[in-house]
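Some notes on the structure that comes next.
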Amino acid sequence: SAVISQKPSRDICQRGTSLTIQCQVDSQVTMMFWYRQQPGQSLTLIATANQGSEATYESGFVIDKFPISRPNLTFSTLTVSNMSPEDSSIYLCSVEYDSQTTDTQYFGPGTRLTVL
Amino acid sequence: SQQGEEDPQALSIQEGENATMNCSYKTSINNLQWYRQNSGRGLVHLILIRSNEREKHSGRLRVTLDTSKKSSSLLITASRAADTASYFCATGLSGYALNFGKGTSLLVTP
């Protein structure tokens, strides 16, 4: 299984500021995804982080609000920009190693964000 | 993405009893995965079942999949207090992100 770490594990931020969340994987992976989990809700996909190209965003999520970087096959960042209290959520990255050999997706421990 | 539906939304049982959670979905899939989440933390992968499989076991877990009915079930046998968590089903296609159900909150009391 994958070892995935996220930083920070939690943060409390002021309205209007930005936070960058890091996701580090212990080995190279083909697919990386970012999800949001609002309080008491299920997970919603924000975007697919593509290595070497722009992320692919889901409906309702835009690059200006959630810029994503993926400089290599083991690392990605998600920035939550110009935050408002509605952005208070758990943000999770997930990875799929190799879709040709396994479809299992593993999740990081999540970043719990509270916006005041 | 379309989310699946899980039922029940909440389940409360006593230790030693079996817990059954159901999941229905709408889209075509080639796999369905079950996850556990403790107190809003990260998701722990429990089991993956492929669309050409009907049943799978892992320890105290048994998962079934009926693609004709677009439904799956997760059975936890001989439950323990440590099984208290939220359980999510997620459907997917290889190389794509998962579509998550709304989850079932399981409470196992001693």
Side-chain angles (χ1 to χ4, degrees), chain A residues 1-7 9-10 21 23 25 29-51 55-61 68 88-114, chain B residues 1-10 21 23-53 56 58 61 63 65 72 85-106:
Chain A
S1 64
V3 176
I4 306 168
S5 61
Q6 282 186 234
K7 290 182 181 179
S9 59
R10 58 177 60 222
I21 301 167
C23 178
V25 190
V29 295
T30 52
M31 307 300 296
M32 292 183 78
F33 307 97
W34 286 98
Y35 292 83
R36 180 177 73 182
Q37 185 179 28
Q38 294 176 301
Q41 303 295 314
S42 186
L43 279 75
T44 300
L45 178 68
I46 298 172
T48 300
N50 302 309
Q51 195 268 327
T56 304
Y57 290 84
E58 294 297 297
S59 176
F61 297 96
I68 289 171
S88 297
S89 297
I90 300 173
Y91 292 86
L92 302 107
C93 67
S94 76
V95 304
E96 181 181 299
Y97 275 117
D98 180 350
S99 60
Q100 292 187 344
T101 59
T102 177
D103 296 323
T104 300
Q105 291 193 15
Y106 299 98
F107 282 79
T111 296
R112 183 182 290 272
L113 171 62
T114 301
Chain B
S1 60
Q2 291 184 337
Q3 286 190 339
E5 294 287 331
E6 282 154 313
D7 76 272
Q9 286 190 323
M21 289 160 266
C23 167
S24 61
Y25 58 91
K26 299 175 183 177
T27 59
S28 297
I29 65 171
N30 62 17
N31 69 82
L32 186 145
Q33 307 184 44
W34 284 90
Y35 292 86
R36 184 185 73 226
Q37 185 178 41
N38 292 85
S39 301
R41 309 183 74 171
L43 273 70
V44 174
H45 187 268
L46 296 176
I47 198 165
L48 178 152
I49 186 166
R50 298 191 184 282
S51 58
N52 61 354
E53 298 174 313
K56 207 163 181 180
S58 177
L61 305 180
V63 168
L65 178 64
S72 174
S86 293
Y87 292 81
F88 294 91
C89 73
T91 56
L93 296 171
S94 298
Y96 291 87
L98 297 171
N99 292 318
F100 278 83
K102 295 181 180 180
T104 293
S105 178
L106 174 65

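This one's a predicted model, so the numbers in the text were calculated from it and none came from an experiment. Values below: all heavy atoms of this structure, side chains included; hydrogens, waters and symmetry mates excluded.
Taking every heavy atom of both residues into account, A/Gln105 and B/Tyr96 meet most closely at NE2-O, 2.7 Å. Contact detail for A/Ser42 and B/Lys102: the closest heavy-atom pair is CB-CA, 3.9 Å.
Residues forming a side-chain contact (heavy atoms from CB on, under 4.5 Å) with B/Arg36 (at least two apart in sequence, or on another chain): B/Asn38, B/Val44, B/Leu46, B/Ala85, B/Tyr87. With sequence neighbours excluded, the residues forming a side-chain contact (heavy atoms from CB on, under 4.5 Å) with A/Ala49 are A/Met32, A/Trp34, A/Ile68, A/Arg70, A/Ser76, listed by chain and number.
Remark: B/Gln9 CD is loosely packed, at most 12 non-hydrogen atoms of other residues, nucleotides or ligands lying under 6.0 Å away.
Residue with the most contacts toward chain A among B/Ser105, B/Gly103, B/Ala97: B/Ala97 (heavy-atom pairs, distance under 4.5 Å).
The side-chain heavy atoms of B/Leu98 and A/Tyr35, taken from C-beta on, include a pair separated by under 4.5 Å.
Here the straight-line distance linking atom CD of B/Gln37 with atom CG of A/Leu92 works out to 7.0 Å at 0.5 Å rounding. Taking CG from B/Asn31 and OG1 from A/Thr104, the interatomic distance works out to 7.5 Å, rounded to the nearest 0.5 Å.
Aromatic ring pairs are classed by plane angle as parallel below 30°, tilted from 30° to 60° and perpendicular above 60°; the pair B/Phe100 and A/Phe107 is perpendicular.
For chain B, the nearby part of A/Gln37 is the side chain; its heavy atoms alone come within less than 4.5 Å.
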